[in-house]
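Okay, so here's the structure we're looking at.
What you are looking at is a predicted structure, and each value in this text was computed from that prediction instead of being measured. Just the heavy atoms: all of them, side chains too, but no hydrogens, waters or symmetry mates, feed the values below.
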Amino acid sequence: MKHGAAIIVIGTGLAGYHLAKELRKLDTEVPLILITQDDGAFYSKPMLSNAVAKQKTPAQLVMQTADVMAQQLNAQILTQTTVLSIDAVAQQVVTRGGVYAYRQLVLACGAQPVMPPISGAERLFNVNNLTDYGHFRAALEQLKNALDRPPRLLILGAGLIGCEFANDFVVSGFEVQLVDMATQCLPRLLPAAMAAVLQARLVEQGVRFHFNQRVQFIDDQLGSYQVSCESGQSFSADLVLSAIGLQPNIALAQQAQITTQRGIVVDAYLRTSVSNIYALGDCAQVQGHWLCYVLPLMAAARALAKTLSGQPTSVRYPSMPVVIKTPACPLVVCPPPPFSVGQWQVQSFDDYWQGLFTDAQGSLCGFALLGNFPQVEKNRLLQQMPILI
């Protein structure tokens with residue numbers, strides 16, 4: 001370990017900043033450097049999917065500037081700085097602005113939107129960070145000022161983010177359509193019967209769904225977009241937003257010859273295959289699990305802060321519910337582990353639906369609650385869920 005060298009964190013999203021906050025609770029003096037390609041503003045990424053309805057500008061979503069965060073964390077924050085490479089032998093991070101020695105390095109590089117392999121994909125909008133949101137919101141405002149009718153928005157993907165955006169946009173006065181290859185919304189999280197209820201509630205708000213549709217190309221015609229599918233069906237829109245998923249940022253890790261699969265492979269201590277390099281957040285694959293949600297991220301930050309402070313601590317993932325921001329149909333899901341073998345059992349009550357996913361032995365592996373479900377029921381089911389890690 002290099003004495004005098006810093007702990008370096010690459011990334012100032014929720015993962016990077018939460019780790020820094022947890023670390024400072026344990027060690028107020030260790031040199032700490034955070035490196036980011038953007039302005040380093042601290043904000044909550046999950047708030048992006050309901051910011052339009054709340055009429056929030058990008059500036060209003062910022063909780064703290066990088067300068068304020070640097071003071072609070074007693075850290076050096078390098079903004080607008082691109083990391084070119086990692087020298088794992090010399091334990092250095094090479095940037096356009098200089099070379100920085102580390103004693104421990106943490107990759108908190110996040111994930112980026114999946115680009116669909118279709119002609120015209122460059123015309124799509126994505127909202128994966130504050131800058132993306134600023135560009136998208138500016139385009140929306142321009143449309144609202146130019147048109148004498150509600151702007152027409154088309155969303156590719158009817159998963160969690162797509163449905164959250166759809167709810168947000170439709171209550172903001174836009175015409176909203178969702179297009180997906182799947183047969184239902186939230187196919188990875190909900191049983192079909194409950195997905196149908198969510199779909200019906202969003203349809204009541206004005207959202208239109210188009211399933212079993214594979215987009216073939218997107219064409220820009222006279223200021224609007226024509227989205228054509230393999231089925232021959234086409235849709236017109238003023239803006240097209242892609243919400244088909246995320247892929248972990250693993251290029252830096254691969255350059256440093258760190259083992260990667262879907263994400264950067266780490267063990268229960270969040271250690272990569274290279275000494276003194278760790279990873280957490282959306283870029284990390286923790287003992288086979290890639291969970292791009294806030295609660296796993298926070299659990300990882302707490303554990304890794306202890307490890308970096310000299311108290312090796314393995315991360316523990318209890319079953320963590322995912323709250324989906326669709327006010328038209330309140331929904332919380334505790335997904336079964338990936339590749340789980342079992343079946344959903346769905347029941348409807350007076351004002352809510354319950355789905356239980358059980359394995360071949362009858363053990364509860366996941367659940368979903370939709371509607372005006374009692375909080376006590378969610379807590380009861382959580383107590384029965386197994387620990388992931």
Side-chain angles (χ1 to χ4, degrees), residues 6-84 93-100 102 104-113 125-141 161 168 246 249 252 278-283 292-295 297-298 300-302 304-305 308-309 325:
I7 293 176
I8 295 181
V9 180
I10 300 177
T12 57
L14 286 178
Y17 271 139
H18 273 295
L19 172 62
K21 289 180 178 182
E22 293 295 331
L23 181 62
R24 281 298 182 233
K25 293 177 184 178
L26 304 171
D27 188 332
T28 60
E29 299 299 328
V30 62
L32 178 61
I33 299 174
L34 290 88
I35 305 176
T36 178
Q37 294 186 57
D38 58 29
D39 64 4
F42 177 60
Y43 69 100
S44 177
K45 182 178 174 181
M47 299 306 295
L48 295 176
S49 62
N50 62 2
V52 171
K54 293 183 177 181
Q55 300 182 351
K56 295 289 187 179
T57 66
Q60 289 171 328
L61 291 174
V62 173
M63 299 176 184
Q64 302 287 357
T65 65
D67 288 341
V68 172
M69 293 300 294
Q71 292 176 1
Q72 291 181 352
L73 295 170
N74 183 27
Q76 182 180 5
I77 300 179
L78 306 177
T79 61
Q80 311 296 342
T81 300
T82 299
V83 176
L84 300 177
V93 173
V94 181
T95 77
R96 294 190 186 281
V99 178
Y100 299 87
Y102 67 83
Q104 292 156 315
L105 174 64
V106 180
L107 303 179
C109 309
Q112 60 185 322
F125 279 88
N126 293 285
V127 178
N128 187 49
N129 55 46
L130 202 58
T131 300
D132 291 344
Y133 173 70
H135 293 155
F136 184 69
R137 191 175 188 277
L140 288 180
E141 292 300 318
I161 299 300
D168 194 50
L246 297 173
N249 290 320
L252 267 179
Y278 304 79
L280 84 163
D282 290 356
C283 68
C292 55
Y293 306 116
V294 174
L295 289 180
L297 175 158
M298 295 178 71
R302 288 190 294 269
L304 183 54
L308 296 176
S309 299
K325 299 189 296 296

Straight-line distance of [X] [atom1] to [Y] [atom2], nearest 0.5 Å:
X    : Y    : atom1 : atom2 : value
I8   : L32  : CD1   : CG    : 9.5 Å
T36  : L78  : OG1   : CG    : 9.5 Å
Q104 : L304 : CD    : CG    : 8.5 Å
H18  : K21  : NE2   : NZ    : 6.0 Å
I33  : Y100 : CD1   : OH    : 7.0 Å
E22  : Y17  : CD    : OH    : 15.5 Å

Could you tell me which non-hydrogen atom of [X] sits nearest to which non-hydrogen atom of [Y], and how far apart they are?
X    : Y    : answer
P46  : L14  : CD-CD1, 3.7 Å
V30  : D27  : N-OD1, 3.0 Å
S309 : L26  : OG-CB, 3.6 Å
G281 : A15  : CA-CB, 3.9 Å
A20  : L34  : CB-CD2, 4.2 Å
F125 : A139 : CZ-CB, 3.7 Å

Check whether any side-chain N or O of [X] sits under 3.5 Å from a backbone N or O of [Y] as a donor-acceptor pair, and report yes or no.
X    : Y    : answer
D168 : V52  : yes
Y133 : K45  : no
R96  : T82  : no
Y43  : L130 : yes
N126 : P113 : no

Problem set entry | Contact list for residues 61-81, test side chain to side chain donor-acceptor pair (under 3.5 Å), sequence neighbours left out |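 Non-adjacent pairs meeting side chain to side chain donor-acceptor pair (under 3.5 Å): zero.
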For this session: Determine whether M47 and K56 make a side-chain contact, defined as any pair of heavy atoms from C-beta on separated by less than 4.5 Å.
Result: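 M47 does not reach K56 side chain to side chain.
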Exercise. Would you find more than 12 non-hydrogen atoms of other residues, nucleotides or ligands less than 6.0 Å from Q60 atom CD?
Worked result: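 Buried by this count: over 12 neighbours within 6.0 Å.
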